[in-house]
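Take a look at the structure set out below.
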Amino acid sequence: MDDSGFYDFKITEANVQAEWLEHRTFDVAEESSKPKFYCLAMFPYPSGRLHMGHVRTYTLGDVIARFKRLQGYNVMHPMGWDAFGLPAENAAIKNKVPPARWTMQNIEYMKTQLQSLGFSYDWGREFATCDPEYYRWEQWFFTRMFRKGLVYKKSAWVNWDPVDQTVLANEQVIDGRGWRSNALVERRELAQWFLKITDYAEELLAKLNHLPGWPEKIKIMQRNWIGRSKGLQIKFARLEGSAIDVYTTRPDTLMGVTYLAVAPQHPIAKEAAETNSVIAEFLTACNQVKMAEADIAKSEKKGMDTGIIVQHPITKEPLPVWVANFVLMEYGSGAVMSVPAHDQRDWEFARQYNLPVKQVIEPDKAGECDLDRSAFVEKGRCINSGQFDSLNFEEVFDAIADLLQSNGLGERQVNYRLRDWGVSRQRYWGCPIPIIHCDACGAVAVPDSDLPVSLPTEVEFDGVTSPIKRMPEWSKTICPSCGGPAERDTDTFDTFMESSWYYARFACNNLRNGMLDDRAKYWKSVDHYVGGEEHAILHLLYARFFHKVMRDQGLVDTDEPFENLLALGMVLQDGAKMSKSAGNAGDPQHLLDQYGADAVRMAMMFAAPPEQSFEWSEHNVESANRWLRSKLWRAVILHSSLGPVSTLDSSSLSESQRDMRRVAHETLLKVTDDYGKRLNFNTVVSGVMSLVNELQKFNDTSDQGRAVVDEALKIVVLVMSPITPHICKELWTKLGLGVIEDAEWLSIDQEALRKRVVNVIIQVNGRLRGKLEVEPGASKDDLILRAGELENVEKFLKDEKITRIIHVPDKLLNFVIA
RNA sequence: GCCGGGGUGGCGGAACUGGUAGACGCGCCGGAUUCAAAAUCCGGUUCCUUCACGGGAGUGUCGGUUCGAUUCCGACCCUCGGUACCA
């Protein structure tokens with residue numbers, strides 16, 4: 001680190017990080033004259049070691065936080081741990097370590113890794129979600145929702161491993177078998193707690209339109225996920241027994257229904273199975289596919305006639321009821337009316353089982369409609385529909401809705417694809433559900449004074465049964481309502497619960513007597529949220545839901561948790577995402593040791609724009625390290641070794657000095673836009689590299705030449721500092737500019753941007769035929785004259801008739817010939 | 001299956017509003033420096049064609065709009081993410 005030449009990242013990075021820690025440089029408080037800026041990257045699951053996906057997320061978050069800090073904001077940039085989850089249980093089985101201990105060890109190690117990457121966190125705000133001081137407020141909040149009627153219990157299906165006698169996550173079911181036992185999984189029904197997220201469906205949908213800072217693609221995905229639709233709920237009566245309800249968005253095709261299809265889990269299917277062993281076998285087979293929509297949708301479509309007959313609500317004709325493996329019990333009422341002529345899936349099913357196809361819609365215009373080849377799924381006009389013939393979609397929708405409504409067989413309904421959020425997990429390593437079951441009083445919320453319901457941590461964990469399910473000393477308790485003997489709920493929460501409100505808790509992580517206080521109102525919503533695109537739906541939707549419930553509880557006073565969202569593409573390894581389950585591929589540690597944090601950060605930022613997925617290659621770290629020491633470091637050292645610099649006098653510069661200065665300010669303009677608006681940090685790096693290349697060529701050691709270099713280097717070091725903060729802090733000092741964390745972003749000199757000459761391209765029929773270097777603002781006529789003199793242009797215009805000449809000022813001249 | 005992305009040299013990517021395709025970096029090739037090496041520096045590098053100037057082709061595939069398309073439109077192929085118990 002001496003002025004004679006070499007840059008030793010090990011010494012500089014260690015010193016700089018020690019200084020940040022010692023001075024608590026990035027600690028932040030609420031009182032400030034500056035505007036607040038809350039920058040947050042999705043906190044990690046402490047899986048053991050960081051992988052390159054983490055490095056990408058946290059570097060991007062850090063770059064934004066540091067940039068905003070330089071722009072004069074009071075920046076909160078916290079970090080914590082999403083500490084509950086399945087991998088801890090898996091590790092506990094494998095290594096015979098209790099999940100809590102394994103988790104805390106991981107946190108300890110990963111924290112050192114984050115610190116060695118030089119992130120500007122306010123570590124005073126750190127917490128882990130497995131800390132009872134955190135999850136007690138989650139339990140408290142759940143009991144508020146419970147009281148408000150936002151919580152209910154119903155039975156729901158889970159993957160059941162019949163050998164290990166345990167519930168399996170979808171991830172743990174591989175090719176239909178339990179991952180450890182290899183047994184064929186079955187579905188089982190269990191009583192579980194649900195949160196009424198559907199009560200907020202309308203607002204969750206509507207408020208997407210008030211999130212201009214979110215990528216359009218994420219909003220589209222959420223809209224589709226919520227899946228609002230307008231349709232009819234229709235009753236198909238049976239001769240005996242209760243009617244079957246179906247929901248349809250296409251009542252215009254009601255006259256074309258030829259059968260009904262119900263889910264294998266539908267009561268009707270079960271009823272049919274009672275007297276028919278073949279159906280019973282079929283249902284068993286259907287229940288051996290795991291509980292994942294993708295698997296259900298991809299499996300071969302199969303069905304069976306249940307023998308049950310229903311009546312068409314208008315024609316009163318008898319219709320058979322089939323059970324079909326592709327009908328989802330969770331959506332709508334678990335039964336659908338099938339219109340093979342106008343629904344592709346029904347059409348395929350009808351062909352497969354020789355069910356009748358009845359066309360009731362014809363194309364409006366002379367369109368394509370060949371029912372021998374496929375269903376006609378577009379909207380059109382009714383035919384073969386009796387009284388509804390010739391009506392269009394809207395007309396028949398209303399006519400049928402009115403008719404069914406008047407005879408009590410149907411009603412208009414707005415439906416959502418979004419389902420209520422099942423939060424019960426039959427696992428150990430999670431937040432205990434604060435409910436007590438009493439034979440006399442039913443489910444009773446644990447009173448505030450008894451919170452938290454703590455999870456015992458020193459446990460024997462065999463991976464099959466959750467320890468708290470076989471610890472009567474833990475689960476046996478007294479009913480808070482009647483004082484009689486009662487039992488605790490031994491399920492734990494879905495870990496998405498913890499990550500649905502952690503961002504708010506960072507504002508007041510040390511609050512002992514409440515979930516949130518006024519500090520959460522000071523920090524308001526997260527200004528910039530950074531995280532992987534894989535969270536586009538579930539995590540982000542659940543957090544949006546929680547935020548609205550917290551708002552209605554008076555805990556926060558904004559409508560949305562995340563104002564701006566940066567949804568990062570995946571860091572791929574061998575074409576797939578890096579993850580805990582993939583064995584923590586891509587540990588950055590050896591790269592940090594060999595090339596340093598700045599090089600790792602820079603390589604990651606340079607590799608690709610944030611929203612794009614890319615295949616990680618370690619090689620770039622070496623070249624980043626090379627650039628930092630042999631280009632950046634050397635340029636500054638070379639410059640400062642020549643001694644003091646005089647003041648820049650922009651009016652007395654030579655042409656080449658003015659050009660050099662223009663490039664510097666153009667770069668500043670570009671990177672300011674890249675940082676602030678475009679969020680493309682790869683082009684920040686390439687822009688700075690270009691500028692440094694230009695500076696190297698410039699090589700002007702005159703008085704004003706050095707002043708130009710001095711200004712340019714100041715720009716280089718400051719704009720690189722969010723990405724490579726350690727070396728830039730050192731170089732900022734060497735340029736005699738003080739403490740870089742206290743610096744302000746530089747302003748652009750508009751005068752310096754003015755161009756002496758511009759390049760105008762000359763085209764013939766849109767093809768490049770020549771170039772002209774002219775003064776800015778050259779007229780079209782002038783350009784035509786000078787372009788005609790170019791030999792290569794003349795060659796193409798000779799003997800041709802020019803029909804048009806297109807002129808884009810200071811850019812292009814295009815001769816159009818016949 | 002469904003929803004949402006992506007596809008540009010040997011590789012990562014750039015081209016921001018329809019206007020010079022391939023910036024910047026890696027790799028590779030050639031050279032300088034060196035006793036030699038490392039490090040560093042200089043030059044070249046989409047493909048075909050040409051001694052050269054130049055010309056032709058080219059941004060997943062096919063088609064369309066336009067004076068001009070990586071950019072807009074249509075169809076298709078491949079690939080990645082999500083698909084409600086991985087987080």
* Is A:Asp494 salt-bridged to A:Arg425, going by a charged N under 4.0 Å from an acidic O? -> yes
* Asked: Distance between the C1' atoms of B:rC11 and B:rU50, in whole angstroms?
  -> 30 Å
* Could you give the distance separating B:rU61 and B:rC78 at their C1' atoms, to the nearest angstrom? => 10 Å
* For B:rC41 versus B:rC16, give the span between their P atoms, rounded off to a whole number of Å. => 31 Å
* From B:rU83, B:rG19, B:rG56, nucleotide with atom closest to A:Arg767 side chain -> B:rG56
* Asked: Quick one: do the A:Glu348 and A:Gln352 side chains pair a donor with an acceptor below 3.5 Å?
  -> no
* Which base sits across from B:rC2 as a Watson-Crick or G-U pair, both distances under 3.5 Å? -> B:rG82
* To do: Taking only the side-chain nitrogens and oxygens of A:His619, find out if one of them lies under 4.0 Å from OP1 or OP2 of B:rG12.
  => no
* Picking from B:rG4, B:rU40, B:rU83, which would you name as closest to the side chain of A:Met221? -> B:rG4
* Which is true for A:Pro609 with a 4.0 Å heavy-atom rule: it touches a base, it touches only sugar-phosphate, or it touches nothing? -> sugar-phosphate
* **Separation of atom CD in A:Glu293 from atom C1' in B:rG82, rounded to whole Å** => 10 Å
* To do: Have a look at A:His539 and say if it touches a base, only the backbone sugar-phosphate, or nothing, with a 4.0 Å heavy-atom cut-off.
  => nothing
* Asked: Between B:rC76 and B:rG55, how far is it from one C1' atom to the other, in whole Å?
  -> 34 Å
* Asked: Phosphate oxygens OP1/OP2 of B:rC2: is one of them under 4.0 Å from a side-chain N or O of A:Arg345?
  -> no
* Nearest to the side chain of A:Phe796, which nucleotide is it out of B:rA39, B:rG55, B:rC16? -> B:rG55
* NZ of A:Lys670 versus P of B:rA23: gap in Å, rounded? -> 14 Å
* To do: Return no unless some side-chain N or O of A:Thr495 is found under 4.0 Å from OP1 or OP2 of B:rA87.
  => yes
* Asked: Which value, in whole Å, describes the distance between the P atoms of nucleotides B:rU45 and B:rC67?
  -> 35 Å
* Asked: In this structure, which one of A:Tyr502, A:Trp421, A:Trp225, A:Phe493 forms a ring pair (Phe, Tyr, Trp, His ring centres under 6.0 Å) with A:Tyr542?
  -> A:Trp421
* In whole angstrom, give me the gap between the C1' atoms of B:rG58 and B:rC53. => 22 Å
* CE of A:Met602 versus P of B:rG12: gap in Å, rounded? -> 19 Å
* Asked: Are OP1 or OP2 of B:rG55 and a side-chain N or O of A:Asn792 less than 4.0 angstrom apart?
  -> yes
* Any side-chain N or O of A:Arg223 less than 4.0 Å from the OP1 or OP2 oxygen of B:rC3? -> no
* Counting heavy atoms from C-beta on, name the nucleotide in B:rC86, B:rA15, B:rG54 closest to the side chain of A:Glu171. => B:rC86
* Structure fact -> Its glycosidic angle compared against 90° from 0, B:rG9 adopts the form syn
* Output yes when A:Asp491 and A:Lys469 qualify as a salt bridge under the 4.0 Å nitrogen-oxygen rule, no when they do not. => yes
* Integer-rounded Å distance: B:rA84 C1' and A:Ile226 CD1 -> 13 Å
* Rounded P spacing from B:rU17 to B:rG12 in Å -> 24 Å
* **Options B:rC86, B:rA14, B:rG1, nucleotide nearest the side-chain atoms of A:Thr683** => B:rA14
* Asked: Going by atom types only, do A:Glu330 and A:Gln265 share a side-chain donor-acceptor pair under 3.5 Å?
  -> no
* Per A:Arg629 side chain, nearest of listed nucleotides B:rU40, B:rG4, B:rG68 -> B:rU40
* Structure fact -> Of A:Trp81, A:Phe43, A:Trp501, the one forming a ring pair (Phe, Tyr, Trp, His ring centres under 6.0 Å) with A:Tyr134 is A:Trp501
* Validation row, ring centre A:Phe796 to ring centre A:Phe815 under 6.0 Å -> no
* When you measure from the side chain of A:Arg419, which nucleotide among B:rC67, B:rG13, B:rA84 comes out closest? -> B:rA84
* For the side chain of A:Lys217, counting heavy atoms from C-beta on, which of B:rC80, B:rG4, B:rA84 is nearest? -> B:rG4
* Does B:rC67 have OP1 or OP2 sitting under 4.0 Å from an N or O in the side chain of A:Arg804? -> yes
* Structure fact -> Taken to the nearest whole Å, CZ/A:Phe606 to P/B:rG12 is 13 Å
* Asked: Would A:Tyr135 and A:Phe84 count as a close aromatic pair, with their ring centres under 6.0 Å?
  -> yes
* What distance, rounded to whole Å, do you find between the two C1' atoms, one in B:rA15 and one in B:rA23? -> 8 Å
* Establish, with yes or no, whether the OP1 or OP2 oxygen of B:rA14 is under 4.0 angstrom from a side-chain nitrogen or oxygen of A:Asn682. => yes
* To do: Write down the distance between CD (A:Gln192) and P (B:rA84), rounded to a whole number of angstrom.
  => 14 Å
* **Watson-Crick/G-U partner (both atom distances under 3.5 Å) of B:rU34** => none
* When all nucleic acid strands are considered with a 4.0 Å heavy-atom cut-off, which category describes A:Asp673: base, sugar-phosphate, or nothing? -> base
* State, without any angle test, whether A:Ser229 and A:Asn415 hold a side-chain donor-acceptor pair at a distance under 3.5 Å. => no
* May I ask you to say what A:Val167 touches in the nucleic acid, namely base, sugar-phosphate or nothing, with a heavy-atom cut-off under 4.0 Å? => base
* Asked: What's the CG-P distance between A:Asn759 and B:rA21, to the nearest Å?
  -> 13 Å
* So which one's nearest nucleotide on RNA chain B is more toward 5', A:Gly422 or A:Lys301? -> A:Lys301
* Salt bridge flag under 4.0 Å for residues A:Glu89 and A:Arg180 -> no
* Asked: When we call it a touch if two heavy atoms are under 4.0 Å apart, what does A:Leu418 touch: a base, just sugar-phosphate, or nothing?
  -> base
* Asked: Is there a side-chain polar atom (N or O) of A:Gln172 under 4.0 Å from OP1 or OP2 of B:rC86?
  -> no
* To do: Mind checking A:Val158 for me? I need base, sugar-phosphate or nothing, with any heavy atom below 4.0 Å counting as a touch.
  => base
* To do: Measure from the side chain of A:Leu86, starting at C-beta and using heavy atoms only, and say which of B:rG13, B:rA87, B:rG68 lies closest.
  => B:rA87
* **Gap between atoms CD and P, on A:Glu622 and B:rG27 respectively (whole Å)** => 7 Å
* Structure fact -> A:Ile220 has its side chain closest, among B:rG54, B:rG5, B:rC86, to B:rG5
* **Below 4.0 Å: OP1/OP2 of B:rA87 and any side-chain N or O of A:Arg425** => no
* No-H, no-angle donor-acceptor pair, A:Asn224 side chain to B:rC3 base, under 3.5 Å -> no
* For RNA chain B, whose closest nucleotide is more 5', that of A:Lys631 or that of A:Arg769? -> A:Lys631
* Asked: Got a donor-acceptor pair under 3.5 Å from the side chain of A:Gln763 to the base of B:rG19?
  -> yes
* Check every strand shown and say whether A:Ser623 touches a base, only sugar-phosphate, or nothing at a heavy-atom separation below 4.0 Å. => sugar-phosphate
